[in-house]
Amino acid sequence: MPELPEVETVRAGLARRVLGRTVAEVEVRHPRATRRQPGGAAELAARLRGRTFTAAVRRGKYLWLTVGEDDDGRSQTPPSEALLAHLGMSGQMLVQEPEGARRAESETVAVGEHLAPAGERHLDLTATLPPTLVRDVPATTAHLRVRLAFTDGGELWFVDQRTFGHLMAVDTVPTGDGAPGGYGSDAAVLPEPVAHIARDLLDPALDRADLVRRTRARRTEVKRALLDQSLVSGVGNIYADEALWRARLHGTRRTDLLRPAQLRDLFDAATEVMTEALAAGGTSFDALYVDVDGAAGYFARSLAVYGRVGRPCPRCGATLRREEFMNRSSFSCPRCQRRPPVRA
DNA sequence: TAACGATCCTGATAGC
DNA sequence: TGCTATCAGGATCGTT
């Protein structure tokens, strides 16, 4: 499931592969992919055709490509429009290069495949992912939802099996605080639909003391707060569980009853686990297959509790448990993460 | 106004 | 073999 580290991996790939390229044609192959686009698929195509991508930016799990030049090639500062993307649970951005161009070895390549540091040759995905994941890197159009053709013959594909992700071409609005709207651009703007999304834990402009204050002002369970993108963005179910385990907190602890130091530790833990995952190129592009095929070795490098029910806690050895929470699964250690007493 | 639960969706898998 | 139920979960929307 794409959370912040996975989305950042994709953003960095887009920054390398599609900036400076001009959209020639847009094909929407599944209406759900543009369900949030005012005016639908036709509007998306009309707003992108002839436009050039100028920056790849991310806030939390949202990423966008600014279209900073108009049809006459005049640059707009700050960028006033963007192609906004959310990958949902299974979304991928794939770049298809024209025959014989740029990458001699190129076929369809996941934008997040760049596990090698910038400047080095892209790693071959088939050599870095377990077989179960390699199978999921498609040269197929089975789940191709939107196809952007560039004027140079290349293409950008939005592939999304479960159709929770979406694309939309929208106007940008000022951030309000003058700080950059997201990672990847200095422009103090962000797409209008993202205006309510809080800054994420890797954002230098995030006020962490204020985050602790706002979290304690909530009267809710701490895992629910971690997943609330309007409080702090980028954290999904996987890294929420990992952060809670590192901070030794059960997800049902009340935010208003936690000490500031406990919340600071929790946010530090979330920052830490996502930073580590980012360094590894993201946990996975589709965790689904890990459960199904048991490719635990890949996950085990960075995940202590998620998906590991019945296994020993890496810290104390107690048997990890799975609980229902918000219609989701939560994984935790019964010894390190005591459930709070049920209050009347 | 804040909190919270239902809902959307697809495909793999388990169970019968 | 084929059918049905279950599971995964981010964001939004309606209800409390």
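In what follows, chains carry the letters A, B, and so on, assigned in the order in which the sequence lines appear, proteins first and then strands, with residues in each chain numbered from 1.
One interatomic measurement links the two molecules: CZ of A:Arg219 to C1' of B:dA2, which rounds to 10 Å at whole-angstrom precision. Here the C1' atom of nucleotide B:dG5 and the CD atom of A:Glu221 are 12 Å apart, to the nearest Å. Distance, A:Phe325 CZ to B:dG5 C1': 12 Å, rounded to whole Å. A:Glu324 places its CD atom 12 Å from the P atom of B:dG5, with the value rounded to the nearest Å. For the pair A:Leu226 CG and B:dC4 C1', the computed distance is 17 Å after rounding to whole Å. When the P atom of B:dA2 is taken as reference, atom CG of A:Asp256 falls 15 Å away, rounded to whole Å.
End-to-end axis angle of the helix from B:dA2-C:dT16 to B:dC16-C:dG2, from C1' rotation axes over five pairs per end: 50° (rounded to 10 degrees).
In the hydrophobic clustering, A:Trp64 connects to A:Val57, A:Tyr62, A:Leu84, A:Met168, A:Val170, A:Val173, A:Leu190, A:Val194, A:Ile197, either directly or through intervening members, whenever side-chain heavy atoms lie under 4.5 Å apart. Other members of the cluster containing A:Val189 do not exist, because no ILVMFWY side chain is joined to it at under 4.5 Å.
The CG atom of A:Leu44 lies 7.0 Å from the CG atom of A:Leu148; values are rounded to the nearest 0.5 Å. Once rounded to the nearest 0.5 Å, the distance linking CD of A:Glu27 with CD of A:Glu155 reads 8.5 Å.
Among residues two or more places apart in sequence or in another chain, the side chain to side chain contact (heavy atoms under 4.5 Å, CB included) test is passed with A:Phe267 by A:Leu201, A:Arg208, A:Leu211, A:Val212, A:Thr215, A:Leu226, A:Val232, A:Leu263. Take A:Arg35 and apply the salt bridge (charged side-chain N to carboxylate O under 4.0 Å, His left out) test, not counting sequence neighbours, and it matches no residue. In this structure A:Glu192 satisfies the salt bridge (charged side-chain N to carboxylate O under 4.0 Å, His left out) test with no other residue, sequence neighbours excluded. Listed by chain and residue number, A:Trp245, A:Ala304 satisfy the side chain to side chain contact (heavy atoms under 4.5 Å, CB included) test with A:Pro314 (two or more places apart in sequence, or in another chain). Scanning for side-chain hydrogen bond (donor to acceptor under 3.5 Å, both in side chains) contacts around A:Arg145 gives an empty result, with sequence neighbours left out.
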Exercise for the section: Take nucleotides 9-16 of chain C nucleotide by nucleotide from the 5' end and write B, S or -, depending on whether a protein heavy atom sits under 4.0 Å from the base, only from the sugar-phosphate, or from neither. Expected result: BBBS----

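Considering only side-chain N and O atoms, A:Arg224 lies nowhere under 4.0 angstrom from the phosphate OP1 or OP2 of B:dA2. Note on A:Thr220: every side-chain N or O is 4.0 Å or more away from OP1 and OP2 of B:dA2.
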